[in-house]
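Only one structure is covered here, and it is reproduced in the block below.
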Amino acid sequence: MSKIIVYGYRGKMGQALLDCCPGYQGIEVVGRVDLGDSLEKVLDQADVVVDFSSPAGTMDALEQCVGAGKAMVIGTTGHSEAEQARIVEGACVIPIVKASNFSTGVNVLFWLARETAELLGPGFDLEIVEAHHRLKKDAPSGTAKTLAEILTEVRDKQFAATDEVMGALPVRAVNGRSGNTGVRSSTEIGIHSIRGGDIVGEHTVIFAGNGERVELTHKASSRATFANGALRAAQWVVGKPAGLYSMTDVLGLPD
Ligand code: NAD
């Protein structure tokens, strides 16, 4: 039985977690914390803190979990580089599962995106389109950034393996396009963010070649998909050695 604290419980994801917990065997909610509440008061009773709050919220919870030797599941997105570095340091002391997206489908999309980019090769231009509800605060989404990192890694290897150095430009993510941008370079990975209504989360990777195009799309229609993935991670992480883990580890997917 994993004893969890739902951190950011008043939010959309916090509520989705609390809705899913009763039907999830092996999870007991021992605390709920949001802005203005004390995590310290309830932390002793828990094995793991499940964080869907804000980047500042993650940092507060991280310091306390590191101090108390408690595991963390981090679902919050939009951390700065400095915050991300602090999470990596914290993972030297406690086990942390951090995922930009806890759905099984998106984690399969990550794998498919890598394979497809490898198979199609550098002749296909890579673009990512993501869509979320009007209340989302960060852009591009954490999931789109993870997709861009995966595709960048593939492209870097492909360019390194050919004699052709693409104008000596590093592969880089380009967020949206506007104005006189010039022609598209093969080293670009475009990312485009749509915000509106109550869209739960959609991600498409476009592989655009000459005369053909492949598109891989994932659409989440319910936050329960993220919540159940995070609960699975909360069960999995308890008792693991210190380290920074991903959903690939939790699901046992190939790298
Ligand atoms: P939300 O704004 O509806 O909820 C966030 C909650 O956290 C609010 O109740 C807020 O009061 C609380 N909070 C903020 N700062 C806090 C702090 N310092 N201490 C305690 N509580 C604090 O947002 P949401 O849609 O539930 O999303 C939360 C985060 O999770 C976002 O970063 C979002 O991008 C991310 N998210 C991740 C996944 C995933 O699968 N990894 C899925 C959905 C959303």
Side-chain angles (χ1 to χ4, degrees), residues 13 75 77-78 99-162 164 166-167 169-179 181-229 246-248 250-255:
M13 276 306 300
T77 61
S100 56
N101 197 306
F102 280 96
S103 92
T104 307
V106 156
N107 284 278
V108 170
L109 174 69
F110 290 155
W111 186 84
L112 287 171
R114 181 185 298 279
E115 292 291 301
T116 309
E118 282 172 358
L119 287 168
L120 293 175
F124 282 71
D125 294 327
L126 305 172
E127 297 279 314
I128 298 164
V129 183
E130 57 102 343
H132 284 86
H133 52 90
R134 63 165 76 93
L135 299 173
K136 184 162 175 65
K137 295 188 183 97
D138 55 318
S141 68
T143 306
K145 286 186 192 166
T146 304
L147 282 165
E149 280 163 22
I150 290 168
L151 298 174
T152 301
E153 218 178 277
V154 174
R155 272 292 183 270
D156 276 338
K157 274 191 202 144
Q158 286 168 337
F159 290 152
T162 62
E164 212 179 337
M166 310 303 293
L169 286 171
V171 176
R172 71 192 204 290
V174 176
N175 295 301
R177 288 192 184 82
S178 170
T181 58
V183 297
R184 188 192 194 288
S185 141
S186 319
T187 56
E188 288 175 31
I189 298 173
I191 309 183
H192 312 278
S193 299
I194 293 163
R195 293 288 174 268
D198 61 356
I199 302 169
V200 172
E202 301 184 0
H203 294 86
T204 295
V205 185
I206 300 169
F207 303 81
N210 288 327
E212 60 177 337
R213 184 165 91 223
V214 177
E215 296 187 2
L216 299 175
T217 295
H218 177 271
K219 295 184 183 185
S221 49
S222 159
R223 286 186 179 82
T225 189
F226 309 131
N228 282 317
S246 69
M247 266 318 261
T248 302
V250 175
L251 296 171
L253 293 172
D255 284 333

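Numbering of residues begins at 1 and proceeds along the displayed sequence. All of these numbers come straight from a predicted model, not from anything done at the bench.
- Taking every heavy atom of both residues into account, A139 and S193 meet most closely at CB-OG, 4.0 Å.
- Separating the CG atom in L151 from the OG1 atom in T146 is a distance of 10.5 Å, to the nearest 0.5 Å.
- To the nearest 0.5 Å, the span separating CD1 on I189 from CG on N175 amounts to 11.0 Å.
- Within a 6.0 Å radius of CZ in R177, more than 12 heavy atoms belonging to other residues, nucleotides or ligands are found.
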Hey, mind stepping through K136 and T77 against side chain to side chain contact (heavy atoms under 4.5 Å, CB included) and telling me if it holds? CA-CA 10 Å; K136 184 162 175 65; T77 61; 3.6 Å; yes
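- In this structure, CD1 in I199 is found 12.5 Å from OG in S221, a value given to the nearest 0.5 Å.
- Here OG1 of T104 is found 9.0 Å from CG of N228. Values are rounded to the nearest 0.5 Å.
- Looking at T204, its side chain never comes within 3.5 Å of a backbone N or O of T217 through a donor-acceptor pair.
- Of all heavy-atom pairs spanning S100 and F110, the tightest one is OG-CZ, 4.0 Å.
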I'd like to know whether L126 forms a side chain to side chain contact (heavy atoms under 4.5 Å, CB included) with V154, so could you lay out the CA-CA distance, the side-chain angles of the two residues, the decisive distance to 0.1 Å, and finally the verdict. CA-CA 11 Å; L126 305 172; V154 174; over 6 Å; no
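- Among pairs with a residue in residues 106-122, those fulfilling side chain to side chain donor-acceptor pair (under 3.5 Å) read R114-E153, at least two apart in sequence or across chains.
- Rounded to the nearest 0.5 Å, atoms NE2 (H218) and OG1 (T143) are 9.0 Å apart.
- Across every non-hydrogen atom of M13 and A227, the tightest pair is CE-N, 3.8 Å.
- In terms of heavy atoms, L147 sits closest to A113 at CD2-CB, 4.0 Å.
- Partner E130 forms a side chain to side chain donor-acceptor pair (under 3.5 Å) with one of H203, R195, H192 and no other, that one being R195.
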Chi angles and distances behind the side chain to side chain contact (heavy atoms under 4.5 Å, CB included) call for N101, M247: CA-CA 8 Å; N101 197 306; M247 266 318 261; over 6 Å; no
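- Minimum heavy-atom separation, A220 to F226: CB-CZ, 3.7 Å.
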Give the intermediate values and the outcome of side chain to side chain contact (heavy atoms under 4.5 Å, CB included) for residues V250 and F102. CA-CA 10 Å; V250 175; F102 280 96; over 6 Å; no
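- Distance CZ/R213 to CZ/F207: 12.5 Å, rounded to 0.5 Å.
- Pairing each heavy atom of I191 with each of P140, the nearest pair is CG2-CB, 3.6 Å.
- Using a distance-only test at 3.5 Å, with no hydrogens or angles considered, no donor-acceptor pair links the side chain of E212 to the main chain of G209.
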